[in-house]
Amino acid sequence: MIFGKHRNKSGMDIKSLRALDKKPVKYVTERDPETCRELKLGEEGAINVSNTEFTVVCGGVNVIRCRLGEVMAAELMNKSGLTIRGSDLDSGREKSVTAYYSDGTVSASRKR
């Protein structure tokens, strides 16, 4: 513990992670290590934080689900989202994704 705060290896402390609960997400991406291209994993979702897990859900599907004590997260410099790294409980592999915050509004149709 550093100055009384419980940190997850590096990045945000548990209290800061819990503050992200129910934060709307516009979309989530993951960089493909072989091609170095970003893949969009989901759109229009939210961050969910329980007592034991940190999950990002888009379209009713878990994009990443990690143990709260093991996830590493840090906000982007421009505060438009955050990077999340950890062992995904659903896929069983190490994942690193970027979730971009939404303003909370959802557009049913777009003017063309």
Side-chain angles (χ1 to χ4, degrees):
M1 286 216 244
I2 300 174
F3 303 110
K5 289 187 177 183
H6 181 231
R7 292 196 178 272
N8 295 348
K9 297 179 186 173
S10 65
M12 301 173 95
D13 59 55
I14 298 288
K15 184 178 178 182
S16 298
L17 290 173
R18 288 188 193 281
L20 294 171
D21 189 35
K22 297 181 180 60
K23 180 102 174 160
V25 172
K26 188 173 185 176
Y27 60 94
V28 180
T29 63
E30 180 178 27
R31 188 167 301 275
D32 183 351
E34 292 179 15
T35 63
C36 294
R37 298 183 88 186
E38 279 194 287
L39 306 168
K40 189 181 277 189
L41 300 178
E43 295 179 319
E44 297 178 3
I47 297 170
N48 295 317
V49 183
S50 70
N51 288 334
T52 60
E53 293 181 351
F54 184 93
T55 309
V56 178
V57 179
C58 288
V61 177
N62 292 344
V63 175
I64 187 168
R65 184 173 67 98
C66 303
R67 288 185 180 86
L68 186 59
E70 298 174 5
V71 68
M72 291 179 279
E75 280 198 307
L76 300 176
M77 289 177 67
N78 64 2
K79 305 288 187 195
S80 66
L82 80 156
T83 59
I84 305 153
R85 186 173 51 171
S87 179
D88 184 35
L89 297 172
D90 294 331
S91 68
R93 70 178 178 91
E94 188 76 16
K95 269 183 146 177
S96 180
V97 302
T98 304
Y100 296 91
Y101 301 141
S102 170
D103 60 4
T105 61
V106 178
S107 174
S109 63
R110 296 179 188 229
K111 191 175 185 178
R112 293 182 190 224

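By convention here, the first residue in the shown sequence is residue 1.
Using a 4.0 Å cut-off between charged nitrogen and carboxylate oxygen, Glu30 and Arg93 count as a salt-bridge pair.
Rounded to the nearest 0.5 Å, atoms CG (Leu20) and CG (Leu82) are 6.0 Å apart. Note that the CG atom of Asp88 and the CZ atom of Arg65 stand 7.5 Å from one another [nearest 0.5 Å]. Note that CD1 of Ile14 and CG of Leu68 are 4.0 Å apart. Values are rounded to the nearest 0.5 Å. For the atom pair CE of Met72 and CD1 of Ile84, the computed distance is 12.0 Å after rounding to the nearest 0.5 Å. The OG1 atom of Thr98 sits 9.5 Å away from atom CG of Leu41, with the distance rounded to the nearest 0.5 Å.
Partners of Asn51 under the side chain to side chain donor-acceptor pair (under 3.5 Å) rule, at least two apart in sequence or in another chain, do not exist in this structure. Checked against ring pair (Phe, Tyr, Trp, His ring centres under 6.0 Å), Tyr101 has no partners two or more places apart in sequence or in another chain. Partners of Ser96 by side chain to side chain donor-acceptor pair (under 3.5 Å), not counting sequence neighbours: none found. Every residue two or more places apart in sequence or in another chain was checked for a side chain to side chain donor-acceptor pair (under 3.5 Å) with Thr83, and none qualifies. Partners of Glu38 under the side chain to side chain contact (heavy atoms under 4.5 Å, CB included) rule, at least two apart in sequence or in another chain, are Thr29, Arg31, Tyr100. Remark: Arg37 engages no residue in a salt bridge (charged side-chain N to carboxylate O under 4.0 Å, His left out) (not counting sequence neighbours).
At a threshold of 4.5 Å between non-hydrogen side-chain atoms, the residues Phe54 and Ile47 count as touching.
Minimum heavy-atom separation, Ser102 to Val25: CB-C, 3.7 Å. Among all heavy-atom pairs drawn from Ser50 and Arg18, the shortest one is O-NH1, 3.4 Å. For the residue pair Ala73 and Leu17, the shortest heavy atom distance occurs at CB-CD2, 3.7 Å. The minimum heavy-atom distance between Cys66 and Ser87, with the atom names listed, is SG-O, 3.6 Å.
One N or O on the side chain of Lys95 and one on the backbone of Val63 form a donor-acceptor pair closer than 3.5 Å. A distance-only check finds no donor-acceptor pair linking the side chain of Asn48 to the backbone of Thr55 [under 3.5 Å].
No single ILVMFWY cluster, assembled from side-chain heavy atoms under 4.5 Å apart, contains both Tyr27 and Ile64.
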